[in-house]
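Note sheet for the following structure.
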Amino acid sequence: MSHTLSRKAAIVGIGATEFSKDSGRSEMQLACEAVKAALDDAGLNGSAIDGMASFSMDNNWENEILRQVGGKALKFFSRTEFGGGAACGPFVHAATAIASGLCETVVIYRALNERSGLRFGSGQMMNNSPLDPNIINFSHYFPYGFMTPAAWIAFSARRYMHEYGATSEDFGRVAVAMRDFAATNPNAFFYERPITLEEHQASRMIADPLRLYDCCQESDGAVAFVVTSMERAKDLANTPAVIASARQSIVKESRMMTPFYGETLSGIPEFDACAGEVYAMAGLSPNDINVACLYDHFSPWVLPQLEAFGFCDRGEAKDFVKDGHINRGGKLPVNPHGGQLGEAYIHGMNGIAEAVRQIRGTSVNQVENVDHVLITAGAGVPTGAAILERG
Amino acid sequence: MSDSSAADILNKIKPLMHKRVGPYNSWNPVSRTQIWQWCSAMGDHNPLYLDDQYRAEHSEFAADKAVAPPAMMQMWSMRDVNGHDGPGSTTDNLFEILDALEQEGYAGIMAVSYDQTFHRYLEEGDRAHHYSTIINVSDLKTTGIGKGFFVTQLAEFMDQNDELFAEARITYFKYQVPKKPAGASKPSAPGKINRIHPVENHDHAHFWQGLRDGKLLIQKCDDCGELRHPPQPMCEHCQSLRWSTIESKGKGTVYTYTVMHYPEIPPFDYPNAIVLVDLEEGVRIVSQLIGTKPDDIKVGMSVEMKLTEVQEDMTLPLFHAADPSTTEKP
Ligand SMILES: [Zn+2]
């Protein structure tokens, strides 16, 4: 099967607000600021936009943003469901729309006051409509108090420990690596605040086996991107981050945060199902990946992602991490911005912005000679993955 | 029971909506002792609240003032044990709409959700009061427990400067109790935080009704015989829409588990052990594990269900260790 979306579009602009615990302004303002910054970064006016893509969960409408950033008209707009699992979908949609000739320049955005507004970790994330599929799904958990993302992910983490002999320290090493990168990233929450493995082990239990430092920080902020055709990208100043491959992934075992009924809970079947094609579409293999920006809302789920994408064998990610391969200077630095554990939780979009910086060579924690970066969207939900390539 | 139509009832109660009732004043200012009592009862050891040195070094809060945990928001302006509101409180009836619905025959009440938003921390010495407004009454809805109206109350919690520090939206379902089963209990008190009630729609109602009838029901395909849980309308093996249920014996083993420590969500006791159980019948189910010390919970341990009325309107299949030696002695 030939893939018409491969290498037909590139990310040419990135923009973000500061990441904070209280932005002090509306999500709409955050979205407009980030989109304007991404347009400025690309060297384009709002009038260049003819498409938009975002998360179903984003509260900001396309028409409102378009008008404010100086846009005129859209030919294409799309949303992707499933919380942070939506982080790659908008890039799949944008590349597809551009490759098909439907439109030429797509803005992708995600803005959230997740810390100062509605906090996902509080157990109070839902409305009360009996028609909401979230509520129907969570109805089999909420009556028991089983109502936080950390607790849902703990089911998988415990199972991963049981099957592969991993320990809380193995999860801790992921957190320590993320905090080490964040410590030298002035935009990170945890700038100049690295942690040791001992501090991780001493941090309080949130949902056993997840400790405080295994959990990302709820954040306010926005990130936006400009994706355009290869033809237009050639005329722009930035090194294009070419979308070499991008795919969404749902499998029959997929559930919203609660994938408890499949064969195994120690892996991430959505990534197992899509990894091969993500590489094949790009004509690449795991050896070609220089940096990975993996969805790290909770540290335990970085491990099965390393396995699904072929960086190590099943059950061996704990050794891969222990050997320092994901660290600064390792053979596969993971989340050099500090990840969601260290920088901020903007539903994975800040990780994709880091992937673009690594391709351009402009990250504060720049890895040498980066040609390809793997990016993943949320784990434990319907999701997606992509590979960006230096154009 | 009156036979007014739903439209008549709504016409009668709609004018009572959007009436902001209050203030409900506090008996006492925010105090260190009360914060300490709450934290020690809840096992919440967040140093921000009571550790002065921690606050000085790691926060922007004053070193010498204890900080109140957000979950205490509604306690400061709560009525006392005798049911009296703080001095200067309104005497208006907040529950006018609920009383009116009661008179129309909608006597059942169930808290279906409690959404809170927290704007700022209260510190020692702050003084709270709150206002309440009924902000929405739904059209007549039919649910698994009967016909009724969803009523949403907004509680605005203010400090001594009349600035909002927290708000809560509480939705009740005010319903016609279909028929009183033997020993049926009184409706829950408004304002009390209950467990969130599940959606009992066309696909799921049989499961929850089964629990109230004393049975843990597993869906079974009438065509290929496959069992499934959680419920869904179509058999994923043969696409049949025909199904019935079998009663589970409630025995199984723990496939995985977690022990929840934080945040402490009312009304649950912490730590809260949650298990994913492989039932002998061959399906998995999520529940709480009761009575086992967290350190004694193991993947693979045998567990047994005990149907438990956890609150006046809810029966759940809670699990216990099958081997009593791992059960915590009281
Ligand atoms: Zn069947």
Side-chain angles (χ1 to χ4, degrees), chain A residues 22 113 115-119 121-148 150-163 204-212 215 252-253 255 258-262 264-266, chain B residues 45-46 70 112-119 141 143 150 152 169 171 195-201 203-204 207-208 228-231 236 255-276 283-288 294 297-300 310 314 316 318:
Chain A
D22 186 1
N113 278 333
R115 173 74 189 198
S116 62
L118 187 66
R119 295 181 61 178
S122 66
Q124 302 289 347
M125 63 192 283
M126 296 303 156
N127 65 47
N128 56 26
S129 164
L131 299 178
D132 181 336
N134 285 296
I135 301 295
I136 294 170
N137 180 62
F138 291 127
S139 271
H140 288 276
Y141 316 113
F142 279 11
Y144 307 100
F146 189 43
M147 52 209 297
T148 64
W152 300 324
I153 270 111
F155 264 11
S156 300
R158 171 60 59 189
R159 202 58 212 179
Y160 187 90
M161 292 165 81
H162 178 78
E163 288 180 25
R204 71 164 151 167
M205 206 57 97
I206 299 296
D208 192 350
L210 270 68
R211 297 177 176 281
L212 178 64
C215 307
K252 73 185 184 68
E253 294 81 11
R255 308 250 177 181
T258 53
F260 305 145
Y261 308 95
T264 174
L265 258 177
S266 58
Chain B
H45 304 300
N46 186 337
V112 290
S113 78
Y114 187 89
D115 299 307
Q116 44 194 350
T117 312
F118 184 68
H119 299 294
K141 302 282 184 192
T143 74
F150 288 95
T152 304
R169 281 174 179 73
T171 299
R195 295 184 188 224
I196 294 180
H197 209 273
V199 172
E200 300 196 27
N201 67 11
D203 298 332
H204 295 258
F207 177 77
W208 304 103
R228 58 187 195 251
H229 183 83
E236 62 190 57
Y255 182 74
T256 190
Y257 67 92
T258 182
V259 181
M260 296 179 68
H261 293 266
Y262 183 89
E264 292 185 349
I265 303 159
F268 298 96
D269 295 327
Y270 284 82
N272 182 9
I274 309 289
V275 285
L276 180 60
V283 298
R284 282 187 198 142
I285 186 170
V286 167
S287 184
Q288 284 170 285
I297 305 173
K298 297 282 181 289
V299 169
V310 294
M314 193 184 288
L316 296 176
L318 304 185

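Note that this is a predicted model, so its numbers are computed, not measured.
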So, using salt bridge (charged side-chain N to carboxylate O under 4.0 Å, His left out) as the criterion, who are the partners of A:E163 when residues are at least two apart? A:R159

Is the NZ or CZ atom of A:R204 both under 6.0 Å from the centre of the six-membered ring of B:Y262 and within 45° of that ring's axis? yes

Select one option (side chain, backbone, both, neither) describing which atoms of [X] are under 4.5 Å from chain A's heavy atoms.
X      : result
B:M260 : both
B:V310 : neither
B:Y255 : both

Apply side-chain contact (heavy atoms from CB on, under 4.5 Å) to the pair A:R158 and B:V299, showing each step before the final yes or no. CA-CA 9 Å; A:R158 171 60 59 189; B:V299 169; 4.1 Å; yes

For side-chain contact (heavy atoms from CB on, under 4.5 Å), just list the numbers for A:F155 and B:V286, CA-CA rounded to whole Å, side-chain angles, deciding distance to a tenth of an Å, and then say yes or no. CA-CA 10 Å; A:F155 264 11; B:V286 167; 3.9 Å; yes

Please classify the contact of A:H140 with chain B as side chain, backbone, both or neither, using a heavy-atom distance under 4.5 Å.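 Its backbone and side chain both get close to chain B.
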
Answer yes or no: is there a donor N or O on one side and an acceptor on the other, between the side chain of A:S139 and the main chain of B:V199, under 3.5 Å?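 Flag set: sc A:S139 to bb B:V199 pair under 3.5 Å.
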
Would you indicate whether the side-chain heavy atoms of [Y] and [X] approach each other to under 4.5 Å?
X      : Y      : answer
A:F260 : B:P230 : no
B:I265 : A:T148 : yes
A:H162 : B:T256 : no
A:Y144 : B:L318 : yes

B:D269 atom CG, neighbour heavy-atom count above 12 within 6.0 Å: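 No, CG of B:D269 has 12 or fewer neighbouring heavy atoms, counting only those of other groups under 6.0 Å.
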
So which atom in A:G145 and which in B:F268 form the shortest heavy-atom distance, rounded to 0.1 Å? N-CZ, 3.0 Å

Show the nearest heavy-atom pair for residues A:A207 and B:T258, with the distance to one decimal. C-OG1, 3.4 Å

Going from OH on A:Y141 to CG on B:L276, what distance comes out if it is rounded to the nearest 0.5 angstrom? 8.5 Å

Quick one: CG on A:L212 to CG on B:N46, what's the gap to the nearest 0.5 Å?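 Answer rounded to 0.5 Å: 9.5 Å.
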
Shorter than 4.5 Å, heavy atoms on both sides: which option in B:H197, B:H229, B:E236 has the most such pairs with chain A?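 If we count pairs closer than 4.5 Å to chain A, B:H229 comes out on top.
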
For A:M205, check side-chain contact (heavy atoms from CB on, under 4.5 Å) against everything at least two apart and list the hits.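 Expected list: A:D208, A:R211, B:H261.
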
